[in-house]
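In what follows, a single structure is set out as C-alpha cells and then discussed.
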Amino acid sequence: MSSAPHWIEPHPHGIFVRPANAWIDPSRPVSRALVTHGHADHARGGHDAVWATPETLAIINLRYGRYPGENAVEYGQTLDLNGVKVSFHPAGHVLGSAQIRMQYRGETVVVTGDFKRRPDPSCAAFELVPCDIFITEATFGLPVFRHPPTSDEIAKLLAMRAAHPEGCVLVGAYALGKAQRVITELRALGYHDPIYLHGALEKMCALYADHGIAMGPLLPVAGTDKADLKGSIVLAPPSALADRWSRRLPDPVTSMASGWMRVRARAQQRGVELPLIISDHADWDELTTTIREVAPKEVWVTHGREEALLRWCELHQIKARALALVGREDEDEG
Amino acid sequence: MQAFSALVTQLGYTRSRNAKVALIADYLRATPDPDRGWALAALTGEADFAAVKSSAVRTMAMERVDPELFRLSRDFVGDTAETVALIWPETAPPANDLRLADAVDAFAGVSRARAPALLAEYMDRLDSDGRYALIKLATGAMRVGISARLAKTAFAQAFGLEVDAVEEVWHALSPPYASLFAWGDGGPRPDPEGTPYFRPFMLAHPLEDGTVDLADYAAEWKWDGIRIQIVRVGDDTRLFSRGGDDITPAFPDIAAHMPVEGVFDGELLVRGAAQMGEAASFNALQQRLGRKTVSAKMLAEAPAFVRLYDLLIDGTEDLRLLPWFVRRERLEARMAALPADRFDLSQIIAAQDFDELGRIRDGARDAAIEGVMLKRRDSLYVPGRRVGLWYKWKRDPLSADCVMMYAQRGSGKRSSFYSDYTFGCWNEDGELVPVGKAYSGFSDTELKWLDKFVRQNTLNRFGPVREVEKSLVLEVAFDSIHESKRHKSGIAMRFPRISRLRRDKPAAEADTVQTLRALIT
Ligand SMILES: [Zn+2]
Ligand SMILES: [Zn+2]
C-alpha cells in the first residue's frame with residue numbers, strides 16, 4: 001500500500017470509512033454505523049445513526065429496541081455519504097444480511113460481513129460484487145472445512161427422528177439464522193409436522209414469518225405435554241442443550257447444527273450425538289472460489305482463520321492482509 | 001468399508017456403554033466374514049500393520065496439501081488422522097467401493113516405501129468418514145472410546161454367548177476370527193487344545209471395611225511384583241502379563257526353567273540383595289517388559305523368579321472349577337518338580353483370627369509385601385473380579401491405581417517435558433473421571449519415558465493440554481482423600497504423587513472411584 005493512509009481504516013473495533021465519517025459493524029457505540037447484519041458481533045446497540053437493510057433493522061429493534069436514527073437501505077439502492085457511494089447487496093448469511101459496497105475516487109471496496117454461497121430458503125442469495133478491495137470474513141478459513149450438501153444433513157436429522165419414535169431429537173441452533181434455516185430446510189424436504197421451539201427462539205421465528213419466510217407450524221415446548229413431544233424435532237439455542245431445560249423432553253438425542261460439527265472433538269465436547277454440518281458461513285472452497293470470482297486487487301481478512309486464507313492468497317499470488325478485528329465470531333454462530 | 005466407517009463414526013458420538021455395545025453387535029451380525037473379523041480386531045487393538053505408521057499418513061498428505069495449510073489445520077483439529085481425512089482433496093465424488101478385508105490384506109503385504117502411495121490410492125476412493133476410519137485402522141489406533149472388553153461383550157451379545165466363554169478362547173485365536181464367528185453362527189466352540197494360550201485372570205476386590213472370617217478365607221501375602229501367568233504345553237512355555245500380552249521374550253530366565261505342563265498363576269519378582277532395594281527391583285522388572293531381547297547383564301544383575309499363587313491347569317486337567325483349597329493342594333504337590341531358584345510357593349499366613357492377621361500385616365517388614373490377599377477357601381477360579389471371593393487388603397491403602405488422562409508441560413527446567421498429569425478412576429457407568437493431578441514422584445528416566453508416552457499417544461490437544469489414550473496405569477500415592485464438589489468424581493486427593501508406572505497393568509484394572517470414596521477422611 002502507499003504511504004498515505006487509505007480512505008478505509010481498519011481498527012480493532014471496526015472498519016472506519018473516513019470520508020463518510022462512518023463505521024462498519026463497530027463493536028462500540030459510534031455516531032454513524034453501517035451494519036451488515038443482525039448478529040451480535042456485528043450489530044451492537046447505542047449508535048446515534050444506523051444504516052442497514054429493513055430486515056436487519058427489524059432484527060436490531062427486536063434485540064436492542066429502537067435506534068433514534070434509523071436509515072433503511074434496500075438491496076441495490078445507492079446512497080451518497082459525503083461523496084462515498086454506498087450500496088447494500090445480499091450476503092446469503094441470514095435474513096437481511098448484506099455486503100456493503102463503497103465507491104470513492106474510482107476505487108470500489110466490498111465488505112462481506114458474514115456470507116455464504118449455497119442456497120438458503122430463509123434469506124436472499126449471495127450476490128457476487130466485483131471490487132478492487134475485497135474485505136472478507138474467514139470463519140471457516142481452513143481447508144478441513146468443507147460443508148457437505150445441506151440436504152444430506154437434513155436427511156440425517158429426519159432419519160434419526162424416524163429411528164427414535166419414543167424420544168425426540170433436540171437440535172441446538174443459533175437463535176438468529178440457524179434455527180430458521182433448519183426449519184425451512186426441513187420444510188423444503190417435505191417435513192410438515194409441527195416443530196417445537198425453546199422460548200428463546202420464538203420471537204425471531206415470528207419475525208422471519210412476518211417477513212414472508214414460510215416456517216410451517218411452530219409450537220412452543222413450554223406448555224406442551226412431555227408425551228406429545230415424542231417423535232418430534234425440538235429446536236433450542238446451543239446453550240440449552242446441556243442445561244436443566246432439556247429434562248422436560250422425552251429421551252432427547254442431542255444434535256447441533258453448526259459448521260464446527262465437521263470436527264469430531266468440537267461435537268464431542270458438547271456431548272453431541274448427531275452432529276449436523278449446517279453452516280451459515282462460506283466453507284473453504286466457497287471462500288477461495290469467491291475470491292477467485294471477485295478477482296480483487298487486494299484481499300483483506302476481517303476475522304476467523306485468517307492465517308490460512310492469507311497463506312492461500314500467497315500461494316495464488318493475491319495481495320492480502322489480516323485486519324485483526326476484535327470481538328468477532330460468536331462460537332455458536334458457525 | 002462403508003459399514004465399518006459408519007460404525008466408527010457412530011461410536012465416536014455415542015456416550016452410553018449399552019448403546020455402544022448395541023451398535024457393535026448390530027454391525028457384527030449384519031456384516032459378512034472376513035470384514036467383521038477385521039473390524040473386531042481393530043476394535044480390540046489386535047490389528048497392527050508394521051509398514052503403515054503415522055509417518056506414512058503424513059508423507060501421503062504432504063504430497064497433496066500445502067504443508068503450511070496442513071500444519072494450521074492440524075493445530076486446529078488436534079488429530080492427524082482426522083485432519084488428513086477432512087483435508088483430503090476430492091477431485092471426483094468418492095466411489096466408496098473399498099472392501100475392508102481387501103484393504104487389510106493390502107496393508108499386511110505392503111512395504112514401508114509403498115505404504116503412502118497405497119494409502120493415498122484408498123483415500124481417493126473413500127469419503128471423509130471412510131478416510132478417517134481407514135487411517136485409524138491402518139495405524140492400529142482406533143481410539144473410539146471402547147475397550148477390548150467392551151468389543152468382546154458386544155460380540156457375545158450379538159450371538160447370545162457368555163462373554164467369559166468368549167474371553168476363555170479369545171487369546172488362542174487370531175484375526176479375522178473365522179472360528180469364533182462360526183461359533184457365533186451356531187457352529188462348535190473353537191478348540192484351542194494343544195496351543196499355549198492365555199486364560200483370563202481372577203482378580204480381587206479391595207477390602208474396604210469390615211473383616212472376614214478366617215475359617216472361610218485363607219490369607220496369603222500380596223507380593224509387589226508383576227502378576228503373570230505361565231503356560232506350558234508340550235515343550236512350549238509362554239509367559240503372559242495381566243492383559244494377556246505375551247512377555248516370554250523379556251523373561252527367558254523363567255520360560256527356560258518351567259518343566260511342568262499346565263497353567264500357573266504367580267508373581268514375578270527379582271531376587272537378591274545385590275540391587276538397590278525394593279523399588280529398584282520393581283523397576284528392573286518393568287524395564288524388561290515389552291523387550292524382545294534381554295541382555296546377559298540384566299539377567300545376571302536382576303535374576304527373576306516366580307512366586308506361585310495358583311494352579312489353573314495341571315498337565316491337561318482343568319482345575320478352575322475346583323475349590324481354591326483343592327487347587328492349592330495340587331500346586332503344593334507340584335512344587336517338588338520345579339527348580340527352587342526359579343519358582344517358590346506363596347506362603348499361607350498362619351493367623352488364629354482376623355485381629356491377629358491385622359497385627360501380622362502391620363508388623364511385616366519385607367518391603368516386597370504390598371499387603372494381604374484373602375481368598376475364599378472354596379472359591380472357584382473365575383475370571384475378573386467377583387464380589388465375596390477374593391479380597392486385597394493393602395498395607396498402605398493411601399495409594400491407588402489410576403489411568404493417565406491428560407498431560408501438560410511443566411515449568412522451569414521441565415518446560416520441554418510433559419510432566420503434569422491428570423489421572424482418573426472408573427465410575428459406576430464405566431467411565432474414567434479425573435480424580436487428581438500430579439507432577440512429582442518419578443525419576444528423570446521415568447519422566448523421559450512418560451514424556452515420550454504422552455507424545456506418542458496424544459488423542460487431542462487443547463492449548464497446552466494433551467489428552468492421551470487412556471492406557472497407562474499410574475500408581476498414585478497421596479496423604480488423604482476428601483470430598484470435593486469441584487470435581488466430577490466428587491473427591492479430591494491431598495498431595496498426590498506418582499509412586500510407580502504400572503506398565504504391566506491394563507487400564508481396565510485401575511481402581512474405581514468407589515474404592516477411593518471409601519478412603520475419605
Ligand atoms: Zn453473522
Ligand atoms: Zn460474524
Side-chain angles (χ1 to χ4, degrees), chain A residues 138-149 152-153 156 159-160 163-164 167 169 241-242 251-256 259-277 283-285 287-288 304-316 322 329 331 334, chain B residues 5-6 8-16 19-20 22-23 26 61 64-91 93-94 127-129 131-133 135-136 142-145 431 458-463 465-467 488:
Chain A
T139 303
F140 290 105
L142 280 173
V144 289
F145 290 110
R146 226 179 282 147
H147 309 326
D152 289 5
E153 302 300 291
K156 277 187 209 164
M160 178 60 87
H164 205 57
V169 188
L241 292 185
D251 188 20
V253 173
T254 305
S255 180
M256 166 116 173
W260 300 116
M261 294 297 105
R262 174 95 166 148
V263 175
R264 281 174 160 75
R266 291 289 182 120
Q268 287 160 351
Q269 278 158 23
R270 281 191 173 270
V272 168
E273 296 157 295
L274 177 67
L276 300 174
I277 309 167
D283 67 6
W284 174 257
D285 293 342
L287 282 171
T288 55
R305 316 278 87 70
E306 54 263 32
E307 230 185 311
L309 198 57
L310 293 187
R311 170 68 181 165
W312 182 87
C313 288
E314 184 193 335
L315 290 172
H316 291 80
E329 200 175 277
E331 173 95 359
Chain B
S5 82
V8 170
T9 302
Q10 284 178 298
L11 285 173
Y13 298 119
T14 304
R15 279 170 298 171
S16 119
K20 285 181 183 180
L23 278 174
D26 287 347
R64 300 282 179 108
V65 186
D66 173 56
E68 181 63 9
L69 287 177
F70 184 84
R71 184 187 63 79
L72 292 166
S73 299
R74 168 68 183 74
D75 285 353
F76 185 87
V77 173
D79 178 276
T80 301
E82 188 177 357
T83 307
V84 174
L86 295 177
I87 209 171
W88 194 257
E90 286 176 10
T91 40
D127 62 17
S128 67
D129 284 346
R131 294 192 291 263
Y132 177 79
I135 295 171
K136 291 290 187 185
M142 286 313 294
R143 294 165 184 166
V144 284
E431 292 170 334
T458 300
L459 295 182
N460 280 306
R461 299 176 193 198
F462 308 103
V465 179
R466 289 192 181 205
E467 180 184 7
K488 191 182 172 189

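Just so we're clear, the structure is a prediction, and the values are computed from it rather than from any experiment. In what follows, chains are A, B, ... by sequence order, proteins preceding strands, each numbered from 1.
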>> One pair to check against side-chain contact (heavy atoms from CB on, under 4.5 Å): Glu307(A) and Asp75(B). What are the steps and the verdict?
In response: CA-CA 12 Å; Glu307(A) 230 185 311; Asp75(B) 285 353; over 6 Å; no
> Could you walk me through whether Arg305(A) and Leu72(B) pass the side-chain contact (heavy atoms from CB on, under 4.5 Å) check?
Replying inline: CA-CA 9 Å; Arg305(A) 316 278 87 70; Leu72(B) 292 166; over 6 Å; no
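With rounding to the nearest 0.5 Å, the separation of CH2 in Trp260(A) from CZ in Phe76(B) is 4.5 Å.
If you tally non-hydrogen atom pairs under 4.5 Å between each of Arg264(A), Gln269(A), Arg262(A) and chain B, the highest count goes to Arg264(A). When Pro275(A), Ala267(A), Pro148(A) are compared by the number of non-hydrogen pairs under 4.5 Å with chain B, Pro275(A) comes out ahead.
Interface residue Thr9(B): backbone and side-chain heavy atoms are both found under 4.5 Å from chain A. In this structure, chain A has no heavy atom under 4.5 Å from any part of Thr14(B). Gln10(B) does not touch chain A: none of its heavy atoms, backbone or side chain, sits under 4.5 Å away.
Side-chain contact between Leu69(B) and Leu315(A) is present, with heavy atoms from C-beta onward closer than 4.5 Å. Here the side chains of Glu314(A) and Asp66(B) are not in contact, with every heavy-atom distance at 4.5 Å or above. Arg146(A) has its side chain out of reach of Trp88(B): every pair of non-hydrogen atoms, C-beta onward, lies at least 4.5 Å apart. Residues Val263(A) and Glu82(B) form a side-chain contact, since some pair of their non-hydrogen atoms from C-beta on lies under 4.5 Å apart.
The nearest pair of heavy atoms linking Val144(A) to Thr83(B) is CG1-O, 3.9 Å.
Here the side chain of Glu273(A) pairs no donor or acceptor atom with the backbone of Arg15(B) at under 3.5 angstrom.
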